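Presented below is the structure to which this report refers.
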Number of protein chains: 2
Amino acid sequence: MANMQDVAKLANVSVTTVSRVINNRKYVNEETKQIVLEAIQTLDYVPNELARSFYYNSSKMIGLLIYDLKNDFYNQFITRIESQLIEKGYSLMIGTTQGNPEREAYFLNLFLANNIDELILCTNLCTQGPLLQKVLKLPLVSVGRVLSDEVSSVSADNTSGGQLAAQILIQNRCREILFVNGPKTLHSVQEKSAGFYQVMDQYPEIHVHEVILDFVNVTQTSFDQLFRQWPSIDGIFAASDFLAACALRSLHSLDKKVGEAIQVIGYENTNVCLCTNPLLSSIARPLEEMVDWTTQLLFQEVQGDKTAPRHVLLKNSFVPRETTQWK
Amino acid sequence: MANMQDVAKLANVSVTTVSRVINNRKYVNEETKQIVLEAIQTLDYVPNELARSFYYNSSKMIGLLIYDLKNDFYNQFITRIESQLIEKGYSLMIGTTQGNPEREAYFLNLFLANNIDELILCTNLCTQGPLLQKVLKLPLVSVGRVLSDEVSSVSADNTSGGQLAAQILIQNRCREILFVNGPKTLHSVQEKSAGFYQVMDQYPEIHVHEVILDFVNVTQTSFDQLFRQWPSIDGIFAASDFLAACALRSLHSLDKKVGEAIQVIGYENTNVCLCTNPLLSSIARPLEEMVDWTTQLLFQEVQGDKTAPRHVLLKNSFVPRETTQWK
DNA sequence: TTGAAAGCGTTACCAG
DNA sequence: CTGGTAACGCTTTCAA
């Protein structure tokens, strides 16, 4: 691969001049510029970004740590934020932890060693000790959860999500509700519950059955049993769309009219909602707003304002589809 | 951030010695080593990977260009291959083209400028001219499609996928089949059709209705009309799982017993299959094999054997679920 | 077993 | 407007 020296030699100028041409600096004669550009063309010269990053000790890279790539929300998040970062001349380095502490440490070290300029966290951190200390020195933003007071964050208010679901079910005149919750250890689950019951507690005449199911290891049969146990359920709030999808299959085999005799609301508005039968109504996080805030906080931090972490909390919204009736 | 000099100074040795310690070279006294390691500890020193890459003119990075992150198959692909590459000391730099030629060029240039060591292509390329020339000089492997004779590739034989679907439907005694195909411009679609008809043409008594639908802009209503037009359809082969999911919703509203009165087979075995009602049977690509071959070809190429591109063609398999009956 | 110095490709500074 | 040179952090070679 040709380098700046080669170009300089061919164009009969100094490397300094070549550098000036490449970076579009002033103080270079138009004619000289043309000669240099030609030389660049004929040599197929590409500036070595590695050398440049090395010199500036800044890679123009932003690390993004995430649990995995399966999540629809974070997929859309990545797509949108990547476009915004490209515009600012940055690109994304993505690491998936898979819930594996070693992978987490591996990627954090990789990010650090590659001098990423900023860090976006889309997952919980289990790293401790010196590595964590180094990470916390970076400008960073946590997305979807508040990690600590010191780390800026952008998240959606799960409490409002729970409230919203409760309100919709009540509006739709449900009287006996199945609340399919996730593991209580998750902070998001706790918030969701809190919001849900905040509203429900105002309606003592409405009965709520709460049940805790694993988000991934669910099958239709888990629900078959529940519906046999409580046959007069007329509303369901599921803590994930996948959970809701399983419920729908069970309801179908029991010949219940979903959207009429029984209302179902999922959570997170993933692509699952577009494949179920009937199409699943769900609670959605404000994607665009979250991305825009993340970008803003990120570059606010990079301005050196590392002393003032901010926590942005946004509202969820309801996306009606076929599993809820609405006027 | 501390650098090697700082460590050397603190440990009262030369940078050379520090370098030796870091890289676990021999010819360094055990005591000296301990002193250096301590210095590294106290200074929180992290070797600057950028400087190292710069020196070696190799980033230990592998570029991966992909259409987007929504695809379940490629998500799993990335997850698995990333683990294999990490083991070999490489990491992944991911670029999503979104079908945008500018984005494609942007990422290819980014990869080139960052001296990626190898390239994995999980999408078609529309880049031409000098950029393409530079890209083709890299060791690269195309996944999912044969790009050209000169580029090694790993893909699944869509012809076999089409054959497989036809065989299953016939085994299950379908007599009037709806073949919901995608746009003929796609190479994969052509292959699939070829395989499907290769088998079907041997059974003149079976009737096939072929219909071409857009993979993404489909709704249930597209199917409502088709089933009204051909009410005695008893088998469906859809060119994508999403297409099949839409068909299922339509069948449901028409009260057809799926899996009994009518058999449905999707394509690609995405997570969609786990959300439909009933659960969708589908044709799957051999993920593990594809990843393993990709890794192998990649490192075969990097050994300098750039002159002998190989094309690996693997077989698809059938994943039975609830939309097909089977003994 | 250790260290001094050259070199990787680029940019910034200072002289001309 | 142009060019020489130091500097960025690390590895390697060669000499001690």
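As the structure is a computational prediction, the values presented were derived from the model and not from experiment. Note on naming: letters A, B, ... go to the chains in the order of the sequence lines (proteins, then strands), and numbering restarts at 1 for each one.
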> Under 4.0 Å: is that the gap between some side-chain N or O of B:T17 and OP1 or OP2 of C:dG3?
Replying inline: yes
>> Need one value for A:V13: base, sugar-phosphate or nothing, where a base atom within 4.0 Å counts as base even if backbone is also close, heavy atoms only.
In response: sugar-phosphate
>> Nearest heavy atom decides the nucleotide; on that basis, is A:K26 or A:V15 closer to the 5' end of DNA chain D?
In response: A:K26
>> Is A:S14 close enough to D:dG4 that one of its side-chain N or O atoms is under 4.0 Å from OP1 or OP2 there?
In response: no
> Going through the checks in order, is the salt bridge (Lys or Arg N to Asp or Glu O under 4.0 Å) test met by A:D72 and B:K70?
Replying inline: CA-CA 7 Å; A:D72 290 330; B:K70 282 176 202 150; over 6 Å; no
> Does a side-chain N or O from A:R20 land closer than 4.0 Å to OP1 or OP2 of C:dT11, or not?
Replying inline: no
>> Which residues in residues 31-62 of chain A have a heavy atom closer than 4.0 Å to any atom of DNA chain D?
In response: A:T32, A:F54, A:Y55
> Does any donor atom in the side chain of B:T270 or B:E268 lie under 3.5 Å from an acceptor atom in the other side chain?
Replying inline: no
> Is the phosphate of C:dT11, meaning OP1 or OP2, less than 4.0 Å from a side-chain N or O of A:N23?
Replying inline: yes
>> Pair A:F111, A:Y106 - check ring-ring contact (aromatic ring centres under 6.0 Å, His included), show working.
In response: CA-CA 9 Å; A:F111 289 166; A:Y106 172 85; 9.2 Å; no
>> Tell me the interatomic distance from B:Q5, atom CD, to C:dA4, atom P, rounded to whole angstroms.
In response: 11 Å
> Among A:E87, A:Q300, A:Q84, whose side-chain hydrogen bond (donor to acceptor under 3.5 Å, both in side chains) with A:T295 holds?
Replying inline: A:Q84
> Does B:T16 make a side-chain donor-acceptor contact with the base of C:dA4, cut-off 3.5 Å?
Replying inline: yes
>> What's the angle between the local helix axes at either end of the helix from C:dT1-D:dA16 to C:dG16-D:dC1, using five pairs per end and rounding to 10 degrees?
In response: 40°
>> If you compare all heavy atoms of B:G144 against all heavy atoms of B:M290, which two are closest, and at what distance to 0.1 Å?
In response: N-CE, 4.2 Å
> So among A:L313, A:T294, A:V291, A:L298, which one has a side-chain contact (heavy atoms from CB on, under 4.5 Å) with A:V154?
Replying inline: A:T294
>> If the test is side-chain contact (heavy atoms from CB on, under 4.5 Å), which one of A:L140, A:T127, A:N109, A:V151 qualifies with A:V135?
In response: A:L140
>> How many whole angstroms separate atom OH of B:Y27 from atom C1' of D:dA16?
In response: 15 Å
>> Using modelled atom types and a 3.5 Å cut-off, is there a donor and acceptor pairing between side-chain atoms of B:N3 and backbone atoms of B:D6?
In response: yes
>> Nearest whole Å is fine: how far is D:dC8 P from B:M4 CE?
In response: 14 Å
> Taking CD from A:E30 and P from D:dC1, how many angstroms apart are they, rounded to a whole number?
Replying inline: 10 Å
> What is the distance, rounded to the nearest whole Å, between atom CD1 of B:I22 and atom P of D:dG9?
Replying inline: 13 Å
> Which whole-number value in Å describes the distance from A:N12 CG to D:dG3 C1'?
Replying inline: 13 Å
> Should the pair A:R145-A:E191 be classified as a salt bridge under the 4.0 Å nitrogen-to-oxygen rule?
Replying inline: no
